[in-house]
Amino acid sequence: MTEIDIDAIAERAERAARPFAATAPSKRAAALVAVADALDAAAPSLIAIAMRETGLAEARLTGEVRRTSNQLRLFAEAIVDGAYLDARIDAPDPAYVIGPRPDVRRVLEPVGPVLNFAASNFPFAFSVAGGDSAAALAAGCPVIVKAHSGHPGLSRATAEVVAGALAAAGMPDGVFQLIEGQANGTAMLEHASIRAAAFTGSGRVGRMLADIAAARPRPIPFYGELGSVNPAYATAGAIEAEPDLVRGFVASVAGSAGQLCTKPGFLFVPAHADLGEVEAAADGVSEHRLLNPGIGRAFEGRRAEVLSAQGVRVLAEGRVRVDDDEQRWATPTIVEVSSDDLDAAGDALLEESFGPLSVIVRYESLDALPALHERLFPGNLTSTLHATEGEAEAVRPLVDALSETSGRVLFGGWPTGVSVTSAMQHGGPYPATTTDATSVGTAAITRFLRGVAYQDAPQALLPAPLRDDNPWGVPQRRSEAGLSSRWGSLSGAF
């Protein structure tokens with residue numbers, strides 16, 4: 001455990017909270033762009049560290065750095081004009097239809113210091129400078145990142161880049177800090193200065209942290225992404241119409257050694273579908289190192305459990321090799337089972353396999369899938385459907401079931417490779433997340449904002465977005481006495 005002064009770090013973040021919240025959106029947006037530029041400039045050295053610590057390929061990490069810097073720029077675009085503040089002004093109206101109306105003004109304000117637990121499998125995009133940190137900074141919240149033990153050197157180097165860029169952009173001291181060690185992370189989560197927390201990792205650890213956050217004297221929101229098995233379904237029509245379906249499935253399972261929270265853990269196909277390409281597709285995948293010895297050992301044990309489950313038939317056995325450093329190297333393992341055997345096996349098959357392993361499930365009746373899905377998969381980040389247009393009415397009940405239990409429903413394609421866009425939803429009902437929100441896309445900012453209304457406040461004491469002179473030039477939704485609502489003009493730039 002690294003010895004640090006938890007109180008000093010938390011109090012430094014708390015001191016930065018109000019000055020940071022008071023920065024104009026355009027200035028905060030410029031600071032996010034400065035961080036993005038600094039990360040791009042430091043990319044070669046950061047990627048070299050990441051390759052040593054995680055075993056991920058240079059091409060994958062290069063793309064991940066690009067995703068990380070671009071999502072910072074996307075958040076900057078989302079906040080620059082201040083529309084995200086949702087400023088609303090209701091003028092006094094003594095003749096208001098349900099009784100005299102006072103002057104009421106509402107705006108979204110930052111919640112305060114945020115603790116971000118970094119993930120292991122995305123050492124850039126869900127780590128120190130990743131989406132949770134970007135969203136909290138965009139919202140105007142100081143961030144304390146608990147580094148992941150799987151890439152400590154990279155975490156320190158990235159934090160130095162981020163903190164330096166924020167300081168150079170004129171942001172308050174203490175707006176971004178890094179801590180290490182499990183005990184320090186838990187102690188920080190319990191600290192009274194922390195007002196919200198985010199986490200990406202295992203269900204066991206995420207639930208433990210969520211319980212700590214809920215048990216505090218002052219409970220706080222805890223946004224935990226806990227994993228997902230991401231079931232995919234293919235109809236008879238899709239099997240016939242998509243000749244590359246099996247190869248696409250195996251490629252999605254094998255990508256980054258299956259260490260992705262959106263990896264398809266199950267593919268449902270008709271009982272008599274011909275899937276002869278599975279073994280050939282899996283055999284064409286080179287072995288890949290798992291992230292660290294702990295994850296490797298866990299996958300090795302989980303794989304053995306799946307292979308020994310009742311009713312399982314091996315389609316592609318794959319392998320796990322242990323090197324001199326106790327690192328595991330794996331190739332894809334694909335098995336199949338009937339839907340009845342899957343139902344009977346329970347957690348022996350249904351739990352997430354974090355690594356290159358997936359289960360093909362053969363079903364007898366398309367009509368039985370909606371009820372089966374809702375029973376076996378109550379909460380997932382994604383669900384995928386492969387069907388033809390002519391089967392739309394037949395699969396509608398299944399689509400309803402998928403939308404009830406998933407944050408993102410895909411029609412065709414595969415769920416790995418989450419696009420960072422304003423409309424993206426990367427979350428889902430429990431047990432995929434502790435709180436059904438998104439950690440990807442600009443809607444992620446809302447997790448770290450809270451609404452505050454000011455009634456009959458003097459102009460001098462109103463926050464800038466609610467003042468009549470509107471010094472930040474943000475959109476204001478005004479409701480005048482006796483008139484319908486209208487939006488003020490957009491303004492503001494970097």
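Residue numbers count from 1 along this sequence.
Ring planes of Phe126 and His426: tilted class, angle from 30 to 60°. Ring pair Phe268/Phe266 is tilted by interplanar angle, where 30° to 60° counts as tilted.
By the 6.0 Å contact criterion, CZ on Arg207 is open, its count of non-hydrogen atoms from other residues, nucleotides or ligands being 12 or less. Open room surrounds CZ on Arg396; 12 or fewer heavy atoms of other groups in view lie less than 6.0 Å from it. Dense packing is recorded around CD of Glu374, with more than 12 heavy atoms of other residues, nucleotides or ligands lying under 6.0 Å away. The 12-atom threshold is exceeded at CG of Asp5, counting heavy atoms of other residues, nucleotides or ligands nearer than 6.0 Å. Open room surrounds CD on Glu404; 12 or fewer heavy atoms of other groups in view lie less than 6.0 Å from it. Sparse packing is recorded around CD of Glu240, with 12 or fewer heavy atoms of other residues, nucleotides or ligands lying under 6.0 Å away.
Using a distance-only test at 3.5 Å, with no hydrogens or angles considered, no donor-acceptor pair links the side chain of Asp341 to the main chain of Val337. Using a distance-only test at 3.5 Å, with no hydrogens or angles considered, no donor-acceptor pair links the side chain of Gln327 to the main chain of Val322. For Ser127 (side chain) and Gly130 (main-chain N/O), no donor-acceptor pair under 3.5 Å exists by modelled atom type. Checked by atom type and distance alone, the side chain of Glu64 pairs as donor or acceptor with a backbone atom of Phe124 at under 3.5 Å. Not one N or O on the side chain of His386 forms a donor-acceptor pair closer than 3.5 Å with the backbone of Leu245. At distances below 3.5 Å, at least one donor-acceptor pair connects side-chain atoms of Tyr223 with backbone N or O atoms of Arg447. The main-chain N or O of Ala125 is found under 3.5 Å from a side-chain atom of Thr68 such that the two form a donor-acceptor pair. Using modelled atom types, one side-chain atom of Thr435 and one backbone atom of Phe222 make a donor-acceptor pair closer than 3.5 Å. Within the 3.5 Å criterion, the main-chain N or O of Gly237 finds a donor-acceptor partner in the side chain of Glu391. Of the possible donor and acceptor atoms, one in the side chain of Ser358 sits under 3.5 Å from a partner among the backbone N and O of Pro264.
For the pair Arg302 and Glu305, the salt-bridge criterion is met [side-chain N within less than 4.0 Å of a carboxylate O]. Between Arg321 and Glu287, at least one side-chain N (NZ, or NE/NH1/NH2) sits under 4.0 Å from a carboxylate O, which counts as a salt bridge. A salt bridge is defined here as a Lys NZ or Arg NE, NH1 or NH2 lying under 4.0 Å from an Asp or Glu carboxylate O, and Arg328 with Asp323 fails to meet this definition.
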Worked verdict on Arg73 versus Asn70 for side-chain hydrogen bond (donor to acceptor under 3.5 Å, both in side chains): CA-CA 5 Å; Arg73 296 186 180 95; Asn70 283 342; 3.3 Å; yes
Criterion side-chain hydrogen bond (donor to acceptor under 3.5 Å, both in side chains) on Thr262 and Asn230, from CA distance to verdict: CA-CA 6 Å; Thr262 53; Asn230 309 296; 5.6 Å; no
Verdict with reasoning, Arg450 to Val111, per side-chain contact (heavy atoms from CB on, under 4.5 Å): CA-CA 6 Å; Arg450 55 182 290 268; Val111 298; 4.2 Å; yes
Trace of the side-chain contact (heavy atoms from CB on, under 4.5 Å) decision for Asp343 with Arg375: CA-CA 9 Å; Asp343 201 0; Arg375 184 168 69 254; 2.6 Å; yes
side-chain contact (heavy atoms from CB on, under 4.5 Å) evaluation trace for Phe199 with Leu226: CA-CA 8 Å; Phe199 169 87; Leu226 310 185; 4.0 Å; yes
From CA spacing to verdict: side-chain contact (heavy atoms from CB on, under 4.5 Å), Leu267, Ile334: CA-CA 10 Å; Leu267 172 62; Ile334 309 292; over 6 Å; no
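At a cut-off of 3.5 Å, with distance as the only test, no side-chain donor of Arg362 or Ser338 sits close to an acceptor on the other residue. If you check the side chains of Ser365 and Asp367, you find no donor sitting under 3.5 Å from an acceptor. Neither side chain, His288 nor Gln259, offers a donor N or O lying under 3.5 Å from an acceptor on the other. A side-chain N or O of Ser252 and one of Thr416 form a donor-acceptor pair less than 3.5 Å apart. No hydrogens or angles considered: a donor-acceptor pair under 3.5 Å links the side chains of Arg303 and Thr333. Counting only N and O atoms by type, the side chains of Thr433 and Glu225 include no donor and acceptor under 3.5 Å apart. Side-chain atoms of Asn380 and Ser406 include no donor-acceptor pair closer than 3.5 Å. In summary, the side chains of Ser133 and Asn116 do present a donor paired with an acceptor at a separation below 3.5 Å, with no hydrogens or angles considered. For the 3.5 Å distance criterion, the side chains of Thr405 and His373 qualify, holding a donor opposite an acceptor.
The minimum heavy-atom distance between Ala10 and Met188, with the atom names listed, is CB-SD, 3.9 Å. Considering every non-hydrogen atom in both Ala50 and Leu61, the closest pair reads CB-CD1, 3.7 Å. When every heavy atom of Pro415 is checked against every heavy atom of Leu410, the shortest pair comes out as CA-CD2, 3.7 Å. Contact record, Ala330 with Pro356: CB-CG, 3.8 Å, taken as the closest heavy-atom pair. Residues Pro123 and Leu154 approach most closely at CB-CD2, 3.5 Å, considering heavy atoms. Between Ala139 and Ile445, the closest heavy-atom pair is CB-CG2, 3.8 Å.
Between Tyr363 and Tyr233, the gap from one ring centroid to the other reaches at least 6.0 Å.
Contact annotation: the side chain of Ile212 approaches that of Glu190 to within less than 4.5 Å [non-hydrogen atoms, C-beta and beyond]. The closest side-chain heavy-atom distance from Cys261 to Ser228 is not below 4.5 Å. Asp132 places none of its side-chain heavy atoms less than 4.5 Å from the side chain of Val143. Between Glu279 and Leu315 there is no side-chain heavy-atom pair separated by less than 4.5 Å. In this structure, Lys263 and Ser353 have side chains that are in contact, with non-hydrogen atoms separated by less than 4.5 Å.
Expressed to the nearest 0.5 Å, how far CG of Leu46 lies from CD of Glu160 amounts to 10.0 Å. Interatomic distance, Arg408 CZ to Leu402 CG, rounded to the nearest 0.5 Å: 13.0 Å. The distance from atom CG of Leu291 to atom NE2 of His148, rounded to the nearest 0.5 Å, is 8.5 Å. Distance CD/Glu336 to CG/Leu342: 12.5 Å, rounded to 0.5 Å. With rounding to the nearest 0.5 Å, the separation of CZ in Arg52 from NE2 in His151 is 14.0 Å.
Geometric assessment of Arg60 against the ring of Phe122 yields a positive cation-pi assignment under the 6.0 Å and 45° thresholds. For the pair Arg28 and Phe20, the cation sits on the ring face: its NZ or CZ lies under 6.0 Å from the ring centre, inside 45° of the axis.
In summary, of the residues considered (Leu189, Leu115, Leu178), a side-chain contact (heavy atoms from CB on, under 4.5 Å) with Ile144 occurs for Leu115 alone. Just one of Leu307, Ile360, Val278 meets the side-chain contact (heavy atoms from CB on, under 4.5 Å) condition when paired with Val335; it is Leu307.
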